[in-house]
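Presented below is the structure to which this report refers.
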Amino acid sequence: MLPSFSYVRPETVKDTVKHASARGAALHAGGTDLIGCLREGIMDVDKVVSLSALADLYGIRETADDGLTIGALATITEVAENPLVRNKYPGLAQGASEVASPQLRNQGTLGGNLCQKPRCWYYRGEFHCLRKGGDMCYALAGEHQFHAVFGHDRICVITHPSDTAPVLAALGAKLRVAGPDGGKTIAVENLHVPPRDNVLTETVLGPGEVITRIDLPRPAANLKSSYRKVRARRSWDFALAGVALALEMDGDRVENSRVFLSGAAPIPWRSRSVENVIRGRRLDDKTIAEARAAIVENADPLPGNTYKLELFKGVIEEELSAMGRPE
Ligand SMILES: Cc1cc2nc3c(=O)[nH]c(=O)nc-3n(C[C@H](O)[C@H](O)[C@H](O)COP(=O)(O)OP(=O)(O)OC[C@H]3O[C@@H](n4cnc5c(N)ncnc54)[C@H](O)[C@@H]3O)c2cc1C
Ligand code: SF4
């Protein structure tokens, strides 16, 4: 059952920040995650602050320096279908089109997608686990077949749920954030918090902080980007394993790369081991075989999810092979 709460719909960012700074307030964008969280009692909220009247948070447009700025309220469908996104950052369009179902993509927003709560079934259920302020992680000794294989430190083994966050991180996107102390910028790769730093929160955003826009830098002329997701069901499902690639190519060699994994860790997981293997090299069979081995370096799988390592090896092999093919 939904708890009772008050509802406000401010018309300026300043008022939104003021309302959202109050104890027990939560921001409402598309509501596809928030309403479920309220119903499941995993957020203690008595005031819902709608973002829907904020004109500055809509729209997708090119910037003067040839980058792109996406309003936090752009829907996932708008991101997936926008011609500028598809043309300049195909990996982001692919990531957005892999999110949930058409109905959820029509309603859910990019800002909300980055800030959604994790999907661990204990957390979403009636278990007072570590992430809810309890004293144990039920998944560690319980059912964890969809949980993390990297970066969990055996504290909390959630996987970060967003399909757009790994691609935005790979592309070097930055968030514009309004808050009680004014405005600031946060790189998407620094938005999410690993359990060892704080198991009680998912993002570095403080009370009253609102993502207003997501800025993408001008893509290098030789940039190739992609997102690949493996999931259990075709209809809608979160990633079991996925990889976001942003590769700058010098002919058939990789000049620079940023590689982030989904379905892997409590945060979008940067695979520096793959980046180190492919930098400066042609994507031939030898490089790809080494990347296949590198992607699972330092993994810490649990007894029920070792199968994910094979998935990661498979996705990196297929994605790098596709990137290496002449267009
Ligand atoms: C059945 C189902 C399947 C799904 N499958 C996938 C999937 O496969 N891949 C995937 O990536 N996602 C998936 N999702 C998650 C879905 O994409 C998110 O629910 C959606 O993107 C959230 O957007 P929203 O606008 O509805 O956010 P809301 O529900 O309104 O908000 C989500 C959270 O973000 C906060 N928030 C929202 N906007 C801002 C902002 N601008 N600044 C700061 N905080 C903000 C809210 O306070 C809230 O805590 C699924 C969800 C459901 C219900
Ligand atoms: S994985 Fe995290 S959210 Fe799930 S039970 Fe463990 S502590 Fe809770």
Side-chain angles (χ1 to χ4, degrees), residues 13 16-17 20 25-38 42-43 45 48-52 54 57 71-77 79 95-101 103-125 127-144 146-148 152 154-167 175-179 186 191 195 199-203 205-206 208-214 227 229 231 233 235-240 242 262-263 266 268 302:
V13 171
T16 304
V17 168
L27 296 171
H28 176 269
T32 59
D33 186 46
L34 179 72
I35 300 302
C37 291
L38 297 184
I42 61 173
M43 287 167 85
V45 171
V48 169
V49 184
S50 170
L51 300 176
S52 63
L54 303 177
L57 272 63
L73 288 177
T75 65
I76 307 288
T77 300
V79 175
S97 66
E98 290 284 352
V99 170
S101 61
Q103 294 90 334
L104 286 158
R105 292 196 290 274
N106 288 341
Q107 178 68 20
T109 65
L110 190 58
N113 191 255
L114 295 174
C115 299
Q116 59 178 300
K117 291 283 181 187
R119 286 278 154 186
C120 168
W121 35 45
Y122 296 104
Y123 178 77
R124 295 269 171 172
F127 293 81
H128 192 59
C129 71
L130 214 52
R131 188 164 286 277
K132 284 173 167 168
D135 56 11
M136 69 177 282
C137 170
Y138 291 89
L140 261 176
E143 296 286 329
H144 50 237
F146 297 152
H147 287 69
H152 49 67
R154 304 240 163 182
I155 300 170
C156 161
V157 292
I158 56 162
T159 51
H160 174 74
S162 164
D163 286 311
T164 61
V167 202
L175 307 173
R176 273 188 253 166
V177 174
I186 301 174
L191 175 65
V199 74
L200 296 172
T201 187
E202 290 76 43
T203 72
L205 298 177
E209 290 192 326
V210 183
I211 300 171
T212 55
R213 301 202 72 84
I214 297 99
Y227 180 67
K229 169 179 176 181
R231 51 184 157 178
R233 295 180 295 187
S235 54
W236 64 261
D237 223 337
F238 293 87
L240 290 178
S262 61
L302 305 169

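Just so you know, residue 1 is the first one in the sequence shown, and it goes up from there. Just the heavy atoms: all of them, side chains too, but no hydrogens, waters or symmetry mates, feed the values below. Small disclaimer: the values here were computed from a predicted structure and weren't measured. Atoms within a ligand are numbered from 1 in the order they appear, just like the ligands themselves.
Ligand 1 has an N or O atom lying under 3.5 Å from an N or O atom of Gly31, backbone or side chain. Residue-to-ligand polar distances place Ala100 within reach of ligand 1: an N/O pair is separated by less than 3.5 Å. At least one N/O-N/O distance between Gly30 and ligand 1 falls below 3.5 Å. Backbone and side-chain nitrogen or oxygen atoms of Ile211 are examined, and one is located within less than 3.5 angstrom of a nitrogen or oxygen of ligand 1.
Considering only heavy atoms from C-beta on, Tyr122 stays 4.5 Å or farther from His144 through its side chain. Contact annotation: the side chain of Ile186 approaches that of Leu205 to within less than 4.5 Å [non-hydrogen atoms, C-beta and beyond].
Of all atoms in ligand 1, listed by their number and element, those nearer than 4.0 Å to a heavy atom of Pro161 are 9 (N), 10 (C), 11 (O). Distances below 4.0 Å separate heavy atoms of Asp163 from the following atoms of ligand 1: 7 (C), 8 (O), 9 (N), 10 (C), 11 (O). For ligand 1, the atoms sitting less than 4.0 Å from at least one non-hydrogen atom of Ala72 are 41 (N), numbered in the order shown with element in parentheses. Atoms of ligand 1 lying under 4.0 Å from at least one heavy atom of Ala29, given by number and element, are 25 (O), 30 (O), 37 (C), 38 (N). The Leu104 neighbourhood of ligand 1 comprises atoms 1 (C), 2 (C), 3 (C), 52 (C), 53 (C), with distances under 4.0 Å to a heavy atom of that residue. Less than 4.0 angstrom separates some heavy atom of Thr32 from each of these atoms of ligand 1: 18 (C), 19 (O), 20 (C), 22 (C), 23 (O), 24 (P), 26 (O), 29 (O), 53 (C). Within ligand 1, counting atoms from 1 as listed, the ones closer than 4.0 Å to a heavy atom of Ser162 are 11 (O). Near Arg119, meaning under 4.0 Å from one of its heavy atoms, ligand 1 places the atoms 51 (C), 52 (C), 53 (C).
Protein heavy atom nearest atom 23 (O) of ligand 1, with residue, atom name and distance: Thr109 N, 3.3 Å. Nearest to atom 39 (C) of ligand 1 among the protein's heavy atoms is Leu51 CD1, 4.0 Å. Scanning all protein heavy atoms for the shortest distance to atom 15 (C) of ligand 1 gives Gln116 OE1, 3.1 Å. Atom 33 (C) of ligand 1 has its closest protein heavy atom at Cys115 O, 3.6 Å.
Of all protein atoms, those that are N, O or S and lie under 2.8 Å from atom 6 (Fe) of ligand 2 total 1.
Of the options Asp237, Leu27, Thr212, the smallest heavy-atom separation from atom 48 (C) of ligand 1 is shown by Leu27.
The shell of residues lying under 4.0 angstrom from ligand 1, judged by heavy atoms, includes Lys229.
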